[in-house]
Each structure stands twice: as structure tokens, then as C-alpha cells.
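Take a look at the structure below.
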2 protein chains.
Amino acid sequence: MGSRYEIRLGGSGGQGIILMGIILAEAVGIYDGKWVAQTQSYGPEARGGSSKSEVIVSDEEIDYPKAMKPDLLLAMNQKSCDEFYPDLKPDGILIVDSTFVTQVPTPRAYQIPFTRIAREKFKREVVANIIALGALSQLSPIVSARAIEEAVLKRVPKGTERLNREALRAGIAAARKAKREMAKVEISSENPGEDLFDSY
Amino acid sequence: MGSRYEIRLGGSGGQGIILMGIILAEAVGIYDGKWVAQTQSYGPEARGGSSKSEVIVSDEEIDYPKAMKPDLLLAMNQKSCDEFYPDLKPDGILIVDSTFVTQVPTPRAYQIPFTRIAREKFKREVVANIIALGALSQLSPIVSARAIEEAVLKRVPKGTERLNREALRAGIAAARKAKREMAKVEISSENPGEDLFDSY
């Protein structure tokens, strides 16, 4: 079995989760040249407004296209964070939209306010998913910013290319900032200082 | 195990196969209230321009989301017809875009020129996939025209609703015509007349 990398994207209906999965899969599959399977499931519960999309990347053809233990979880709302975090691999990457996810299950989560950036910087909440894709290109080892950009520009409506390119860049910048903040968390947890002693 | 219905859509890149899968899955899953899994796979071969999308419908939650023996195959080009027809169930439904599929493997195929209708009636080749969805609502037992229409209108760009609604209707009309033609084929094969005797 070749190396396999599993990504799950979760959020509420209207957050553009399915388009995000399609774009991510195309970026990896067509531009980065791996095997990719991309799945969404709908059930009677989907009418409640939940949305889930999965992308599996492999060096070889994929027989089972569902995520078993995701390597990366992007949670765009609290419900999907709560529901899917337990499935994440122990060393998996958690990215949350901190506009909506206020309770993170681990301090090792990348917390980025995708929707707030979309509202404040672009006055268009609808680009939150594209900002998130920009961030994902920085926080996961699986896809390059360039491949994501090509795939985004292929899928978004004509006339919105510039907006979407800028949204991607905003996501890339936000992810770099989140990485620096994470580095600080890691340094402080390696040097826990007084707090740890206090808890004994 | 509940009843399971497998649909495979195939064509070349740019024919809108993936959007078709998304819309069909949303129509069945959200509006018709079944469990649905929708998958596309990309491999290194996708750069050659082939596109495949699958929709699995079930009365219960779907564990394995890939089609094993499709109940319905929609082939938008010759290559996908040749490649996927052998997987079709013996009594499965084959629908082809006869603009591009000129060699059908069975007389029991529904042959509808989706792309030619798109060009001639709408001057927009890009709606061929929506015309095909309209046809599918008439030729498969799995989804209603109404659910398809709701799902289409949710996914297409703003300002194109009327065009897409008319494309759906053109597909519905073309499918009804194809059904009548198929009925003639079936009657003539039940009453083969002289031809059969000649072959002995």
C-alpha cells in the first residue's frame, strides 16, 4: 500500500464545503499528479444544514475513498469540530474557522477567523472557503499554493478571478501568522515554567 | 442491506461531469430524502481530459461509496461509453450523448444529442450537462424532475436561472421522445418478422 493522506472538511450548508473539496481534489490530482478521490455524503440529516467533504490522496489508485483516520481536519463550524475531532489521527492537523469555533479541543489547533476575514477584508462572506484553501496550502504538506490557485481560478465564476486570488493570498498570510503563533505555543509548552508545577 | 442504486457519469473534462454529479446527489439526498454518496476520482490520467463522477443512493447509510455494478450509465463521450459499458448491470440503463457517442454497444441505449441541443437551441454548449440532468429525471426511477430543478437552481451562477430551467425542460422533452423511440425498438424486436428467419 502506498502512502495515503486523508482530509476531511466540515461545516454548515452554505459555507462552500463541497466546492472546497472539489477544488482541493483537482489541485492535488490534476496539478500535483497524485491519485485523488473526493467524496461527499448526504443523508436525511443534511437537511439540518451539515456539510462534509473528504479528499483522499495516494501514490496509487484508491480503492476505498472514505476517510478512516483523517490526517487533516478543517472545521468551519463548532458542530463539525466536535463531531469529527475524535476521528483525527493523534498527530493530525486541526484547522478551525475561529469565527465560529470558539471551543477548540486542543491547543495545537490552527485557529484562523476565515469568515471574519471574508467579511472585513472583502465584504463577501462567500470567499471564506477560498481563504481557507489558501491557508490549507500552507498548513498541509499535500498541496502547493500554486496548484490551489490554478484549481480555484478554473472553478470560480468568470469575473471573480481577482477577488478569489486576493482571498487566497489573505488565507496564505493568515496561515503564516497562525504558524508563528503555534511555534510560540510549542516553545512555551516545552518550557512549561511554573504552571505545570502548580498543577501537581 | 437496503436497496442500493448506483449511477456513473462519464465524459471528457469540460463537459461538466462533476457539477452534474454534485447536483444529482443534492437532488436525491436533500430533496428526495435518501442516503447519497457522491465521488469523483482523479488520477494522473485525468490530465488526458477524462472525467468520471459517481452517485450512490441507498435507503441506509452508505459504507462503500464507489459504484461496483452501475444501474445507470450516462456516457457523454465515446471513450467513457466504451470503457464503462462493460461494468453496467445486465438490465442497467445506458444513456449516451449521441453528439459524440456514435457507436452504441446495445440497441437498448437512450441516444440523445445533449450537446447538439445545447448548441442549436441555446447557443451555449455549456448547458449540455443540465439538459442531460433533465433527461435523467425521466429515464431513471431515482430522482424527480422537481428535485433536480431545485438542486440545479441552487448550484448554477446567479442570472443563469432561466437558461438552466429551459435547458432542463429541453432535456425532459428529449427524454420523452427517446422513450417513445425505445418503445418502438422493443415492439419490433418482439415481432422480428422476416429478418430473424433470414438469419437461420
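Convention: sequence-line order gives letters A, B, ...; per-chain numbering from 1.
Residues B/Leu19 and B/Leu24 share a single hydrophobic cluster, defined by chaining ILVMFWY side chains whose heavy atoms lie under 4.5 Å apart. Under a hydrophobic-cluster definition in which Ile, Leu, Val, Met, Phe, Trp and Tyr are linked whenever side-chain heavy atoms come within less than 4.5 Å, directly or via other members, B/Leu136 and B/Tyr5 are assigned to the same cluster. No path of Ile, Leu, Val, Met, Phe, Trp and Tyr side chains, each step under 4.5 Å between heavy atoms, connects B/Leu9 with B/Phe100, placing them in separate hydrophobic clusters.
Applying the salt bridge (Lys or Arg N to Asp or Glu O under 4.0 Å) rule to B/Glu161 yields no partners; only residues at least two apart in sequence or on another chain are considered.
By the 4.5 Å heavy-atom criterion applied to side chains, B/Trp35 and A/Tyr42 are not counted as neighbours. Considering only heavy atoms from C-beta on, B/Gln40 comes within 4.5 Å of A/Ile22 through its side chain.
The most heavy-atom pairs under 4.5 Å with chain A, out of B/Gly21, B/Ala37, B/Pro157, B/Gly13, come from B/Ala37.
Contacts of A/Ile18 with chain B are made by side-chain atoms alone, with heavy-atom separations under 4.5 Å and no backbone atom involved.
Between the OG atom of A/Ser51 and the CD atom of B/Glu26 there is a distance of 8.0 Å, given to the nearest 0.5 Å. Atom CD1 of A/Ile62 is separated from atom NZ of B/Lys66 by 7.5 Å, given to the nearest 0.5 angstrom. Between B/Glu61 atom CD and A/Ser41 atom OG the span is 7.5 Å, to the nearest 0.5 Å.
A 6.0 Å sphere centred on NZ of A/Lys69 holds more than 12 heavy atoms belonging to other residues, nucleotides or ligands.
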